[in-house]
Amino acid sequence: MSASGQMQGAKDPLRLVLVGLQGVGKSAAGNTILGGREEFESDVSSTCLTLRSEVRKARVCGRQVTVVDTPGLFSRSLLDAEVKLELEKALMLCAPGPHVFLLVVQLGRFTQEERSVVEKLKKMLGSNVESYLMVLFTYGDRLKSKTIQQFIEEDKNLQTLIQKCGGQYHVFNNTDEENEVQVRELLEKVDNRLKTRINQPYFVVKVRNTWAKIFYFALPVLTALAFAAVLRYIKRGVPAEPAEHLKKFLKQE
Ligand SMILES: Nc1nc2c(ncn2[C@@H]2O[C@H](COP(=O)(O)OP(=O)(O)OP(=O)(O)O)[C@@H](O)[C@H]2O)c(=O)[nH]1
Ligand SMILES: [Mg+2]
């Protein structure tokens, strides 16, 4: 079966957002998912190559897949506030929200920044983002004779990161972009993750700002009150039937 062919059972559209540090292979992973096409700009660079969130769509394994590429966290080219804005834009680009955030980690590189990447994402997108994360390792070609399981067993910090991401991970060799099996396996893992999340299949941003919360929750109440006041005003304008005692009084006159 080919990655561009049919996959039994799972045909629902998928929306994936690639996140991670600068230069770890996010754009390259996006290109691998999209069937090896050079959709996102990917290259060796000492600065941040992807500066804006971008979306691409393709039919992969018989289903519509939306991939959003984002700028790197802890970027040397963008301020945190700019990266946060781009992440929020990424959510809009795959509305109503991503099924999974693929947290891209370069095999063999696990610095202090990598260790705090989940906390950074939680700060930027809210704490519920954690339940939508899945680790996607790049540089699978570095494994050589080792398996990915052996590699993970050797690194406690890596195990902690994977645990934070629901225990889910996958490995890509982006130099082998035409290797469709690695893409199909990733989509299967994403599907398995979705099965455990029937109530909330995709990530929705919580209203975090206090003023936004007040506006969000108070607006329907205020609208209802205003509507009731207008109705009362209109009713008052219509002359009411004179009360019984008033009728009697008028007759006596
Ligand atoms: N050998 C090898 N190289 C890879 C792999 N994945 C990515 N690369 C290389 O890593 C470099 C950076 O890849 P990008 O896809 O541009 O990384 P990025 O995370 O999008 O970078 P920024 O947009 O700058 O944050 C490129 O030269 C890629 O060819 C991989 O699996 N194996
Ligand atoms: Mg990039």
Side-chain angles (χ1 to χ4, degrees), residues 3 16-58 65-91 93-94 98 100-118 120-121 124-125 133-152 158 161 165 169-187 189:
L16 309 170
V17 173
L18 295 152
V19 291
L21 297 192
Q22 184 182 309
V24 290
K26 300 180 296 297
S27 304
N31 291 336
T32 301
I33 296 170
L34 296 166
R37 294 196 297 265
E38 295 298 312
E39 293 283 356
F40 300 117
E41 193 184 2
S42 164
D43 210 345
V44 190
S45 173
S46 55
T47 59
C48 189
L49 206 62
T50 306
L51 293 168
R52 300 281 166 255
S53 289
E54 284 178 36
V55 64
R56 298 286 185 276
K57 295 175 189 193
V65 177
T66 302
V67 181
V68 183
D69 189 18
T70 64
L73 297 158
F74 299 101
S75 166
R76 265 156 262 156
S77 312
L78 297 173
L79 299 170
D80 270 4
E82 291 174 296
V83 176
K84 184 176 183 291
L85 268 180
E86 286 306 311
L87 286 177
E88 283 166 354
K89 186 178 127 193
L91 301 179
L93 290 174
C94 64
V100 159
F101 288 87
L102 294 170
L103 176 55
V104 182
V105 175
Q106 186 177 317
L107 265 183
R109 173 185 144 172
F110 200 67
T111 59
Q112 188 53 46
E113 283 181 341
E114 254 98 1
R115 279 174 219 165
S116 41
V117 78
V118 175
K120 192 79 166 177
L121 274 172
M124 290 185 172
L125 292 174
L133 289 171
M134 182 190 282
V135 177
L136 177 62
F137 291 107
T138 51
Y139 283 77
D141 43 312
R142 283 185 178 167
L143 278 169
K144 302 219 164 73
S145 57
K146 248 187 214 166
T147 66
I148 183 69
Q149 287 79 9
Q150 285 169 332
F151 190 88
I152 294 165
L158 213 48
L161 178 79
C165 299
Y169 63 88
H170 188 60
V171 61
F172 264 3
N173 171 5
N174 290 318
T175 60
D176 192 10
E177 281 184 330
E178 257 124 73
N179 175 355
E180 298 162 335
V181 177
Q182 56 179 353
V183 179
R184 179 165 31 95
E185 285 175 357
L186 171 75
L187 299 194
K189 287 179 186 176

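Below, each value reflects all heavy atoms present in this structure, side chains not excepted, and no hydrogens, waters or symmetry copies. Read the numbers this way: they start at 1 and go in the same order the structure lists the ligands and their atoms. Bear in mind the structure is a predicted one, so any value in this text is a computation, not a measurement.
The protein heavy-atom contact nearest to atom 6 (N) of ligand 1 is Asn174 ND2, 3.0 Å. The protein heavy atom nearest to atom 32 (N) of ligand 1 is Asp141 OD1, 2.9 Å. For atom 16 (O) of ligand 1, the nearest non-hydrogen atom of the protein is Asp43 N, 3.1 Å. The nearest protein atom to atom 9 (C) of ligand 1, hydrogens excluded, is given as Tyr139 OH, 3.2 Å; this is a heavy-atom distance. Remark: minimum distance from atom 17 (O) of ligand 1 to any protein heavy atom is reached at Gly25 N, 3.1 Å. Here the protein heavy atom with the shortest distance to atom 29 (O) of ligand 1 is Ser42 OG, 4.3 Å. The protein heavy-atom contact nearest to atom 24 (O) of ligand 1 is Leu49 N, 2.7 Å. Gly23 N, 3.6 Å is the protein heavy atom nearest to atom 22 (P) of ligand 1.
Glu185 CD to Leu187 CG: the interatomic distance, rounded to the nearest 0.5 Å, is 10.5 Å. One distance of note links OG1 of Thr70 with CZ of Phe101; it measures 9.0 Å at 0.5 Å rounding. Within the model, atoms CG of Leu125 and NZ of Lys120 stand 12.0 Å from one another, a figure rounded to the nearest 0.5 Å.
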* To do: Begin with the C-alpha distance, continue with both residues' side-chain angles, and end with the deciding distance and a verdict on side chain to side chain contact (heavy atoms under 4.5 Å, CB included) for Gln182 and His170.
  => CA-CA 8 Å; Gln182 56 179 353; His170 188 60; 4.2 Å; yes
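Geometrically, ligand 1 and Lys26 share a nitrogen or oxygen pair separated by less than 3.5 Å. For Thr138, no nitrogen or oxygen atom sits less than 3.5 Å from a nitrogen or oxygen atom of ligand 1, counting backbone and side chain alike. When only interatomic distances are considered, the shortest N/O to N/O separation between Ser27 and ligand 1 falls below 3.5 Å.
Checking each of Leu133, Ile33, Val135 against Leu102 for a side chain to side chain contact (heavy atoms under 4.5 Å, CB included) leaves exactly one that passes, namely Ile33. The only option from Asp141, Asn31, Thr32 that meets the side-chain hydrogen bond (donor to acceptor under 3.5 Å, both in side chains) definition with Asn174 turns out to be Thr32.
Close contacts between ligand 1 and Ala28 involve ligand atoms 6 (N), 7 (C), 15 (O) [criterion: under 4.0 Å to a heavy atom]. For ligand 1, the atoms lying closer than 4.0 Å to a non-hydrogen atom of Thr50 are 22 (P), 23 (O), 24 (O). Short contacts between ligand 1 and Thr175, defined as distances under 4.0 Å to a heavy atom of the residue, involve ligand atoms 1 (N), 2 (C), 32 (N). Annotation for ligand 1: atoms under 4.0 Å from non-hydrogen atoms of Asn173 are 31 (O).
The number of heavy-atom neighbours closer than 6.0 Å to NZ of Lys189, taken from other residues, nucleotides and ligands shown, is above 12. Sparse packing is recorded around CD of Glu178, with 12 or fewer heavy atoms of other residues, nucleotides or ligands lying under 6.0 Å away. The number of heavy atoms from other shown groups lying within 6.0 Å of CD (Glu41) does not exceed 12.
Ligand 1 lies within reach of Cys48, whose nearest heavy atom is under 4.0 Å from it.
Residue Val17 comes nearest to Ala90 through the heavy atom pair CG1-CB, 4.3 Å, listed as atom of the first residue, atom of the second, then distance.
Angle OG1(Thr50) to the Mg ion (ligand 2) to OG(Ser27), rounded to 10°: 90°.
Not a single N/O/S atom of Ser42, whether from backbone or side chain, sits less than 2.8 Å from the Mg ion (ligand 2).
For the 3.5 Å distance criterion, the side chains of Asp69 and Ser27 qualify, holding a donor opposite an acceptor.
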